[in-house]
Amino acid sequence: MSRYNFKEIEEFSQERWKKAKIYKTPENPEKKFYLLEMFAYPSGDMHIGHTRNYVIGDTVWRYKKMQGYDLLHPFGWDAFGLPAEQAAIKRGESPKKWTYGNIATSRNTLKRLQISYDWDREIITAEPEYYRWNQWLFLKLFEKGLVYRKKSFVNWCDSCKTVLANEQVIGGECWRCGTSVRKKEMEQWFIRITAYAERLLNDIDKLEGWPENVKIMQRNWIGRSEGAEIDFYTEDGYKLPVFTTRPDTLFGVTFISIAPEHPYARGIDKEEVKKYIDNALMMSEIERQSEEREKTGVPTGKFAIHPFTGEKIEIWVADYVLASYGTGIVMGVPAHDQRDFEFAKKYNIPIKVVIMPPDQGLSPDTMEMAYEGHGMMVNSAQFNGLDSELGKKKVIEALEKVGKGRGKVTYRLRDWLISRQRYWGTPIPVVHCEKCGIVPVPEEQLPVLLPPEEEVNFIPTGRSPLEDARDFYHTKCPKCGGPAHRDADTMDTFVDSSWYHLRYFDPHNDKEIFSKEEARKWHPIDLYIGGVEHATGHLIYFRFMTKFLYDLGYLDSDEPALALFNQGMVMDEKGEVMSKSKENVVSPIGLIERVGVDATRIAILFAAPPERDLLWSEKGVKGAERFLSRIYNHFMPYIDKKNPEPDKKDPLYRGIEKTKKIVTEDLEHMRFNTGIAALMEMLNQITAYPSRDSETYVYVIQEFTKILAPFAPHLAEFLYAKFGEKQSIFLEAWPSYHEDAVKEEIVTVVVQVNGKVRARLEIERNTSEEEVIKSALSHENVKRHIDGKEIRKTIYIKNKILNIVAR
RNA sequence: GCCGGAGUGGCGGAACUGGUAGACGCAGCGGACUUAAAAUCCGCUGUCCUUGUAUAGGACGUGCCGGUUCGAGUCCGGCCUCCGGCACCA
């Protein structure tokens, strides 16, 4: 007898799929399903972690395909980005060649794995055909006032020599290289994502198929705060607006603090203040935001006037105030804010109690920490006696009346800084003209092509490399025709990935970003698969851009994905994340060559539930190999009969019907590990079955083959062909199961005495309670345990358990 | 500190709305086949104890302490540990 030969089987099955063109996206879907895995950054070849991600997607695809869905399952490459330039700097490689070489390698691996992508729809973000639509989007955003240029203090990575968006600073460090981020004053491009903050927040409620933790992370990231903006005026008439969530504590203000970056602070002509600010701006974000560090500040000698009492309030510059949140100025209420309290204690600033807690007194002299709770307003003139919650409203009303404040909502979310001082990205389609200022490149002149690499010096200087590309940089103003220069920055690559899911609708369209008609067929994504690490970055940008395109009328719904699935990370056996620098990357190629694609898939899927992190070890591969070759050995010799009539009373028949039910439910909930376990259990039953030449046996192995298909597609396709089927197994309907056969006729009823198992009864299904009790009581071991006791009560759960309570 | 998630055999992991804890697999042990090994196949495998040695019985056991319940891995209260996110957001 021949043995399980995965190479032969792979060749055979892949050939059949190629002929049947099963991965091709249908033109006119009736029952559409848009399945998407997050596209890949081509950093080299892929490792087991990526493989897991794509295998999960592919398993879903094959299951859905058999259920008769019309699937869109595309793939592409997030091809712009810094590592390509680093390769250029370190090894003198061309960023383009490096990137495209990596793409070719990874694409080959994906094809070897036979991940079910429609390669006709592949996209590469570094192609002008793609990035011109980045530029088009930029122009549209510009038109709508949603992109703007601003000089401000931005996150700067000294190692990458470029600015970073807020989302790309993780714990004060650069997301890519881990260098401590510094604030640097620069003029940069921002997307006004905060204009969508309220919608991004509210629509989270629509995301029913998203994991709760991602939704919570997004809510926190957006961080809506309701409060008031209150205008304090300096003695010399300069307006200093503050944002507070506690307008009810307005009468407790004893100082004002300003962020060191704030123009007013920097305009103060006083030696200590200047020194303090210089010092604060030099510090890294980590140093400055360290929790252990005591808050510091310096008095400016300037005073502001309290909007109600007219009191003089000293203005301080303090580094605990964030320039980028609210107005960059806060009112200091030491009695009712812990940070202000610590600051006031340190610098001997007075403390004034204006909120009385309901159940205790509060005195400035004795309090050891701020009281941040609610209570009754005191020392607050006309507001005395009001409950602080109501007081918030009343204070805002009073401020509005005199024009010195207003209700205001502020978000933690910052505008999206999108310009980068790097080469390998999308050129920003803007021209700077001496006469006309900033002029957007007209749409019909797109794409603005990235200049050839030869003209550029990749060694980062902090200046954009594109400035050196003379032919690119020097240009004419589209408006006046006069001398001008192009914007030399490129876009954040998160712009590329914020809308790629939409380009797949119509990837070769050179007239539009995509046609509305194609979008109507496929939008939105039905299942999006990727890592949680994108919860507050990519997944917010991508929701934003979808909403923007909806607003432009390109889409008929404004959320990108109905369901999101976060697969767990794959780490090495020591629990460390796989990375090139750690040299612990496990490639799937060796495994595929040794044990084949199907065994690799089974090993990965069986090892753990897909959402859980996985410490990869090849120990489990053995089991996967055995499983597949046992199937082969026990199926192949008995494979001929085409339409067998199974004996519906046979336990083997009942077994396969039950297995179909379990596997279907497990696939429905993406529980691949237990689905495979059910198949293994069934296989154990099959291999123990004596009459191989029965029709029941043939029926069972045929049905088994069909439900095996999503997990081990090559073997299943091969066996299916051997059964005489001419078309692909993936065009076969997913089998239904025989409901009655699933129910066992003989059930095991567990008998407990006082909650402890004392016997098991094999009993006919739906035997009456009386009978069950009767036969339980006649059981030796049960008798022994209730001997000499009085039966107080019996609890019977039908066909399951009988508990006898005896005292 | 705040917000999520998780702690189950030697290991990966099962256990639906409270109802047989440890499915399935890996590793291990014993046996068959073999000159031998590998592969394959069969059996055993949570810990401890008892005797009448056999399809036997019992105690304990799901991070810790307590509670609810006829019955808790699952529910409630209080802790501990680990992982992830946020972290002066006024």
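Each chain gets a letter, A, B and so on, in the order its sequence line appears, and its residues count up from 1. As the structure is a computational prediction, the values presented were derived from the model and not from experiment.
A:R671 comes within contact range of no nucleotide atom at all, as no heavy-atom separation falls under 4.0 Å. Counting non-hydrogen atoms under 4.0 angstrom, A:N781 reaches the backbone sugars and phosphates but no base. If you check every strand for non-hydrogen atoms under 4.0 Å, A:D319 touches nothing. Counting any heavy atom pair closer than 4.0 Å across all strands shown, A:K619 reaches sugar-phosphate atoms only and no base atom. Heavy atoms of A:H785 sit under 4.0 angstrom from primed sugar atoms or phosphate atoms, though from no base atom. If you check every strand for non-hydrogen atoms under 4.0 Å, A:R758 touches sugar and phosphate atoms only. Among the protein residues, A:E681 comes within range of the sugar-phosphate backbone only, with heavy atoms under 4.0 Å from sugar or phosphate atoms but none that close to a base. The residue A:I216 sits close only to the backbone: its heavy atoms come under 4.0 Å of sugar-phosphate atoms, none of a base. Using a 4.0 Å heavy-atom distance criterion, A:V749 is classed as making no nucleic acid contact.
Under the 3.5 Å distance criterion, with hydrogens and angles disregarded, no donor-acceptor pair is assigned to the side chains of A:T536 and A:Q218. Counted by atom type alone, A:R792 and A:N754 present zero donor-acceptor pairs between their side chains at under 3.5 Å. A:E342 and A:Y320 share no donor-acceptor pair across their side chains, judged by distance under 3.5 Å alone.
At a threshold of 4.0 Å, the pair A:E198-A:R224 counts as salt-bridged, since one of the basic side-chain nitrogens sits closer than that to a carboxylate oxygen.
With P as the reference atom, B:A14 and B:G52 are 43 Å apart, rounded to whole Å. One P atom belongs to B:C83, the other to B:A72, and the distance between them is 32 Å to the nearest Å. With P as the reference atom, B:A21 and B:U62 are 12 Å apart, rounded to whole Å. Taking the C1' atoms as reference points, B:G18 lies 15 Å from B:G67, given to the whole Å. Nucleotides B:G63 and B:C11 have their P atoms positioned 13 Å apart, rounded to a whole Å. Straight-line distance between the P atoms of B:C44 and B:A59: roughly 24 Å, to the nearest whole Å. One C1' atom belongs to B:A32, the other to B:A39, and the distance between them is 14 Å to the nearest Å. Rounded to a whole angstrom, the distance from the P atom of B:A38 to that of B:G30 is 12 Å.
Of the nucleotides present, none pairs with B:U34 by Watson-Crick or G-U wobble criteria with both distances under 3.5 Å. Under the Watson-Crick or G-U wobble criterion, with both distances below 3.5 Å, B:U50 is paired with B:A56. Judged by Watson-Crick or G-U wobble contacts below 3.5 Å, the nucleotide B:U81 has B:A6 as its partner. Base pairing analysis places B:G73 opposite nothing; no Watson-Crick or G-U wobble pair with both distances below 3.5 Å involves it. Checking B:C29 for Watson-Crick or G-U wobble geometry (two distances, each under 3.5 Å) identifies B:G43 as its partner. With a cut-off of 3.5 Å on both pairing distances, B:C16 has no Watson-Crick or G-U wobble partner at all. Base-pair partner of B:U68: not found among the strands shown (Watson-Crick or G-U wobble, both distances under 3.5 Å).
The separation between A:N754 atom CG and B:A72 atom P is 12 Å, rounded to whole Å. Distance, A:M217 CE to B:C83 C1': 13 Å, rounded to whole Å. Whole-Å rounding puts the A:R3 CZ to B:A38 P distance at 15 Å. Put simply, CG on A:L628 is 16 Å from C1' on B:U40, counting in whole angstrom units. Atom CZ of A:R784 and atom P of B:G58 are 6 Å apart (whole Å). One can place CD of A:E533 at 19 Å from P of B:G5, the figure rounded to the nearest angstrom. B:A87 atom C1' lies 17 Å from atom CG of A:L413, rounded to whole Å. With rounding to whole Å, A:N566 atom CG is found 13 Å from B:G85 atom P.
With distances taken from any side-chain atom of A:A677 to the nucleotides B:G13, B:A90, B:A23, the minimum falls on B:A23. Checking B:A27, B:U20, B:C70 against the side-chain heavy atoms of A:R626 singles out B:A27 as nearest.
Between A:N673 and B:A14 there is a side-chain N or O to OP1 or OP2 distance below 4.0 Å. Note on A:R412: every side-chain N or O is 4.0 Å or more away from OP1 and OP2 of B:C86. At B:U40, none of the side-chain N or O atoms of A:S629 fall inside 4.0 Å of OP1 or OP2 (strictly under the cut-off). Phosphate proximity of B:C41 to A:R630: present, with a side-chain N or O under 4.0 Å from OP1 or OP2. Phosphate contact (OP1/OP2 of B:G7, side-chain N/O of A:R612, threshold under 4.0 Å): absent. Of the side-chain N and O atoms in A:N684, one or more sit less than 4.0 angstrom from OP1 or OP2 of B:G25.
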Legend entry - ring-ring contact (aromatic ring centres under 6.0 Å, His included) evaluation trace for A:F635 with A:F704: CA-CA 10 Å; A:F635 285 22; A:F704 187 96; 5.4 Å; yes

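The minimum heavy-atom distance linking A:V317 with A:A265 is given by the pair CG2-CB, 3.8 Å.
Going from atom CD1 of A:I313 over to atom CD1 of A:I349 covers 11.5 Å, rounded to the nearest 0.5 Å.
The glycosidic torsion of B:A27 lies more than 90° away from 0, placing the base in the anti range. Taking syn as a glycosidic angle within 90° of 0, B:G63 does not qualify and is anti.
With hydrogens and angles left out, the side chain of A:K622 and the base of B:C26 share no donor-acceptor pair within 3.5 Å.
Residue-environment remark: NZ (A:K798) stays at or below the threshold of 12 foreign heavy atoms within 6.0 Å.
For A:A608 and A:W221, each mapped to the nucleotide of RNA chain B holding its nearest heavy atom, the one lying further toward the 5' end belongs to A:A608. For the pair A:G326 and A:N213, nearest-nucleotide mapping onto RNA chain B gives the more 5' position to A:N213.
If you look at A:F255 and A:Y347, their ring centroids are not closer than 6.0 Å.
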